[in-house]
Structures are given as C-alpha cells and as structure tokens.
Amino acid sequence: QVRLEESGGGLVQAGGSLRLSCAASETIKRIVAMAWYRQAPGKERELVAAITTSGPVHYADSVKGRFTISRDNAKNTVYLQMNSLKPEDTAVYHCNTVPWRLRGFWGQGTQVTVSS
C-alpha cells in the first residue's frame, strides 16, 4: 500500500545530467531497501541502483561512476543523480522496494530519453 511517485525524467543530450526523484506516501525509514529500476523497449527490467538504511549497496556495472543513489528520510524521497548520460540509458525508470514484490506492483515510472 506504499505509493511511490517518480519524477524528474526528460529528454537530454548525451553527456548531460538528470536527477530523478521518488516520493513516498509513507516514511521510508521502515523500508529497509529501495532501488531504481529501468526498462528499455524490448528489454527486461533491470536493477540500476539500490540503497539501504546504511547507504548505497549496489550499482549496475553499466552505471557505476555515473549514477548516484541517495535517500532523504525526512522528505520521504529517494533520488538518482544521473551524470554523463548515454543513449543506452534511455528507458522508463521506476522506483520500488527491494525486492520489488515486497510492494507487489509497479508505478507509472518516469521516462528518460538520451539523444546522441
């Protein structure tokens, strides 16, 4: 029953930056692990970055050194700072729990499109 709303996506040129936000309807303090996932057309959804109460714990190899996940418990928000964006980063980005089935469903997500 936790509602997560993603925002911050858009169209950006290769090499640019975006910051995605995931606003939760409830305090995220009670959620041990949260993550950003993404799904590109024709591809399976993949885990991009995960964060626990202790801090970031995982980044996909394809985004290491470029993306940073963070959380602000006071604002009930998880962020994904995306730098040096590449066309292959184009996807719908979703915020969810880890594992996602802990929540059991996916929200609308936010579209990120990187042009070359």
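- Within 6.0 Å of atom CD in Q81, more than 12 heavy atoms from other residues, nucleotides or ligands are found, so the atom counts as buried in its surroundings.
- Minimum heavy-atom separation, P56 to I51: N-CG1, 3.6 Å.
- A pairwise comparison of heavy atoms in I28 and V78 identifies CD1-CG2, 4.1 Å as the closest pair.
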_side chain to side chain contact (heavy atoms under 4.5 Å, CB included) evaluation trace for Y79 with T68_ = CA-CA 8 Å; Y79 303 96; T68 302; over 6 Å; no

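- The 12-atom threshold is exceeded at CD of E88, counting heavy atoms of other residues, nucleotides or ligands nearer than 6.0 Å.
- When side chains are defined from C-beta on, T110 does not count as touching V92, because their heavy atoms never get closer than 4.5 Å.
- Side-chain contact check for R66 and N83: no donor-acceptor pair (N or O, by modelled atom type) lies under 3.5 Å.
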*Verify side chain to side chain contact (heavy atoms under 4.5 Å, CB included) between I31 and V2, making sure each step is shown before the conclusion.*
CA-CA 10 Å; I31 304 176; V2 177; 4.2 Å; yes

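- Listed here is the closest heavy atom pair of M34 and C22: CE-SG, 4.3 Å.
- Applying the side chain to side chain contact (heavy atoms under 4.5 Å, CB included) criterion to T90, with sequence neighbours excluded, gives Q111, T113, V114.
- The minimum heavy-atom distance between A35 and L47, with the atom names listed, is CB-CD1, 3.3 Å.
- To the nearest 0.5 angstrom, F67 atom CZ is 9.5 Å from S17 atom OG.
- Side-chain contact between W36 and N96: absent, with no pair of heavy atoms (C-beta onward) separated by less than 4.5 Å.
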_I'd like to know whether V63 forms a side chain to side chain contact (heavy atoms under 4.5 Å, CB included) with R38, so could you lay out the CA-CA distance, the side-chain angles of the two residues, the decisive distance to 0.1 Å, and finally the verdict._
CA-CA 12 Å; V63 307; R38 69 184 181 187; 3.9 Å; yes

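- Cation-pi geometry between R45 and W100 is not met at under 6.0 angstrom from the ring centre and within 45 degrees of the axis.
- Hydrophobic clustering (side-chain heavy atoms under 4.5 Å, transitive across Ile, Leu, Val, Met, Phe, Trp, Tyr) groups V48 together with L18.
- Atom OG1 in T77 sits 10.5 Å away from atom CD in E5 (nearest 0.5 Å).
- Here the side chain of E6 pairs no donor or acceptor atom with the backbone of H94 at under 3.5 angstrom.
- At least one side-chain heavy atom of V112 sits less than 4.5 Å from a side-chain heavy atom of L20.
- Screening residues 51-61 for side chain to side chain donor-acceptor pair (under 3.5 Å), with sequence neighbours left out, gives D61-K64.
- Between W106 and Y37, the two ring planes are perpendicular [angle over 60°; tilted spans 30° to 60°].
- For A14 against S116, the heavy-atom pair with the smallest separation is CB-CA, 4.4 Å.
- Taking each heavy atom of C95 and L4 in turn, the nearest pair found is O-CD1, 3.6 Å.
- Looking at R3, its side chain never comes within 3.5 Å of a backbone N or O of G107 through a donor-acceptor pair.
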